[in-house]
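Notes follow the structure.
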Amino acid sequence: MVERTMEPENDVTNDTIDPETKNSRVRFFSLIILGSSTFLAGCTLSILAPFYSKEAEERGLSITASGTVFAAVFVLQIIFTPLFGKYIQVIGSTKLFIFGVITSGVTNILFGFLPAIKSGPVFLGASLAMRSVTALGESAMNTAVYPLARKRCAKGSQASMMSMLETMIGFGTTIGPFVGGILFEYGGFYLPFATCGSMLLVLGGMAYFVLDPSEEAEAAAKEEDDGPVEKGSFRKLLSYPMMILACIVTIVTGISTQWYQPSLEPYVRKQFGMNSFEASLLFIIDGGVYALITPIIGKLLDKGLDSRVVLVFGSVIICFGYLLLAPAPPFLFAPSLVQIGVGAGVHGMGMAMNFIGTLTLMTQTAGKKSSDNEQIQGMVTSIWITCESLGGFIGAAGGGAAFDKFGWSTSCVVVAGCQIVSLVLVVSVWFITLFSNNKVYMKEENEKLIDNNPKLNYGSYGSNNNITV
């Protein structure tokens with residue numbers, strides 16, 4: 001009699017999980033960490049908008065001085081982002097990202113202790129120092145996050161992935177003033193920054209255990225196997241007309257994004273008698289529309305929509321948004337909260353189109369002209385972030401100064417004029433490029449016609465003395 005050994009039908013243990021499935025789960029969790037970090041990065045930019053100007057005024061500081069604090073976060077980003085982009089392959093995307101998240105978390109917590117300083121000048125100096133170090137962390141985080149996300153998303157969906165990250169930043173920037181206003185009302189100055197900073201530290205710890213630095217090494221080895229890796233050069237990247245155009249549009253859009261950050265709260269407080277929490281609700285509008293529109297534009301770009309078309313419409317829409325905010329011709333009506341809300345929403349729509357449009361145009365241009373390795377991706381990202389930071393610095397500093405000198409309406413018209421200049425540049429460069437490409441195409445076609453003409457043979461039979469007609 002033969003004994004039959006019964007074995008369990010599904011002897012599945014943790015050790016036999018499909019490696020591909022396990023890897024997919026890790027990548028998905030990695031994308032959640034990356035998206036959450038960019039959301040909090042957006043929060044840290046705007047969380048102080050509803051109450052910082054008031055705190056500064058109580059210490060005898062002007063709106064212009066408050067504007068420099070809003071602008072300070074962009075100064076070191078302009079300096080360090082290109083450096084991080086240049087050496088991202090040496091440092092490693094994962095290490096750079098973790099460093100940036102932890103640095104931003106620590107400095108945000110420390111920023112919450114500033115009200116203990118009663119002297120106006122010392123308060124201003126400490127604010128500038130803290131925001132500058134925060135910018136160091138954010139420049140490291142933002143430079144690394146796009147290459148990390150591109151490696152972990154499906155092929156053919158890079159624009160959608162970048163748009164989703166932009167959506168998270170936009171949503172963070174949107175909800176930041178609202179959350180900041182609520183937490184300020186319930187816990188004072190310290191609570192908004194302690195909450196945001198603590199969450200960043202938690203995400204930094206999670207990133208340390210989840211993100212795998214060996215993936216960058218494997219990607220670099222694969223690139224070397226595929227052929228010689230082209231070394232990136234900022235000079236070469238910035239020699240392309242479309243790259244320069246994208247840089248200019250990003251700077252101008254960055255100006256519009258930060259222009260009323262230091263001035264909207266004091267304007268609505270004096271014009272409509274709103275408190276800090278009520279004013280924070282207005283900051284949600286432009287970022288909310290931005291967060292809704294960005295994924296849609298990303299999908300359209302993935303499906304083949306020309307990014308230059310997006311930039312044309314984006315510049316026009318931002319211009320109309322600021323004319324509504326003023327209000328200025330052709331919108332001649334009395335100032336109201338409805339007018340402010342509609343203008344901010346229109347601005348958010350144009351902002352979404354221009355930001356994802358310029359980032360896509362830059363990556364497409366670099367991909368066509370250079371190899372698409374990690375260093376090139378990091379450098380393109382750093383160029384885009386630097387331009388956005390430069391625009392944000394000019395916008396925050398210039399917006400506060402323009403409000404102090406000219407008032408709300410005139411300061412809004414200034415930004416609308418900048419968008420008209422941006423629109424003219426986009427259309428001009430587009431037509432010049434089309435004309436140049438047409439000339440190159442005609443030249444190539446003529447060369448093909450000449451090469452395809454029959455060759456006449458002269459001389460004896462079999463002679464090699466051919467004359468091309």
Side-chain angles (χ1 to χ4, degrees), residues 35-56 66-67 69-70 73 104-105 108-109 111-112 114-115 131 134 138 164-200 203 256-295 321 325 336-349 351-352 355 392 395-396 399-400:
S36 302
S37 300
T38 55
F39 166 75
L40 288 173
C43 281
T44 60
L45 285 176
S46 60
I47 201 167
L48 71 168
F51 53 85
Y52 182 83
S53 296
K54 184 180 178 182
E55 289 284 324
S66 298
V69 175
F70 283 88
V73 73
S104 296
N108 267 280
I109 293 172
F111 197 91
L114 288 177
R131 290 284 280 180
T134 300
E138 292 214 358
M164 288 305 297
L165 290 175
E166 275 300 297
T167 299
M168 295 304 292
I169 293 175
F171 184 56
T173 306
T174 301
I175 205 73
F178 175 69
V179 173
I182 291 177
L183 294 177
F184 178 77
E185 288 292 322
Y186 284 97
F189 193 94
Y190 174 74
L191 189 58
F193 300 101
T195 304
C196 203
S198 299
M199 293 176 72
L200 280 168
L203 285 171
S256 74
T257 304
Q258 295 297 320
W259 190 259
Y260 57 71
Q261 288 291 317
S263 56
L264 179 60
E265 186 273 331
Y267 170 68
V268 297
R269 173 161 37 94
K270 294 171 184 175
Q271 182 77 22
F272 306 109
M274 301 179 74
N275 59 35
S276 296
F277 173 71
E278 292 169 336
S280 71
L281 298 175
L282 294 172
F283 287 95
I284 294 177
I285 298 171
D286 63 345
V289 174
Y290 173 90
L292 289 172
I293 296 296
T294 301
L325 282 166
S336 67
L337 288 176
V338 173
Q339 160 249 325
I340 294 288
V342 173
V346 173
H347 167 243
M349 183 185 300
M351 184 171 65
F355 273 148

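Count residues from 1 along the sequence. In what follows, every heavy atom counts, from backbone to side chain, and hydrogens, waters and symmetry copies are set aside.
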Looking at [X] and [Y], what are the two nearest heavy atoms and their distance?
X: G176; Y: S46; answer: CA-OG, 3.7 Å
X: I47; Y: C196; answer: CD1-CB, 4.4 Å
X: F193; Y: N108; answer: CB-O, 3.0 Å
X: V268; Y: A279; answer: CG2-CB, 3.8 Å
X: P192; Y: G180; answer: CG-O, 3.8 Å
X: E265; Y: K54; answer: OE1-N, 4.4 Å

Gap separating the [atom1] atom of [X] from the [atom2] atom of [Y], nearest 0.5 angstrom:
X: L325; Y: L264; atom1: CG; atom2: CG; value: 8.0 Å
X: E138; Y: L40; atom1: CD; atom2: CG; value: 9.5 Å
X: T294; Y: L165; atom1: OG1; atom2: CG; value: 11.0 Å
X: T195; Y: I182; atom1: OG1; atom2: CD1; value: 11.5 Å
X: K270; Y: F272; atom1: NZ; atom2: CZ; value: 14.0 Å
X: L200; Y: I109; atom1: CG; atom2: CD1; value: 8.5 Å

Is [Y] close to [X] at the side-chain level, that is, under 4.5 Å between some pair of heavy atoms?
X: T257; Y: F355; value: yes
X: L48; Y: F111; value: yes
X: Y260; Y: H347; value: yes

Look at atom CE of M274 and say whether more than 12 heavy atoms of other residues, nucleotides or ligands are closer to it than 6.0 Å.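 Enclosed: over 12 neighbouring heavy atoms sit under 6.0 Å from CE of M274.
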Who pairs with S263 by side chain to side chain donor-acceptor pair (under 3.5 Å), at least two apart in sequence or on another chain?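 Listed in chain order: nothing, the list is empty.
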Just jot down the ring-ring contact (aromatic ring centres under 6.0 Å, His included) partners of Y290, sequence neighbours excluded, or say none.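 Per chain and number, Y290 pairs via ring-ring contact (aromatic ring centres under 6.0 Å, His included) with no residue.
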For [X], all residues meeting side chain to side chain contact (heavy atoms under 4.5 Å, CB included), sequence neighbours excluded:
X: I284; answer: T174, F178, L281
X: Q339; answer: P327, F333, P335, S336
X: M168; answer: T38, F39
X: S37; answer: I33, F97, V101, M141, L203

Name the orientation class of the two ring planes belonging to F189 and Y52 (parallel below 30°, tilted from 30 to 60°, perpendicular beyond 60°).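 Ring orientation of F189 relative to Y52: tilted.
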Where does the angle between the aromatic ring planes of F51 and F184 fall among parallel (under 30°), tilted (30 to 60°) and perpendicular (over 60°)?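 Ring orientation of F51 relative to F184: parallel.
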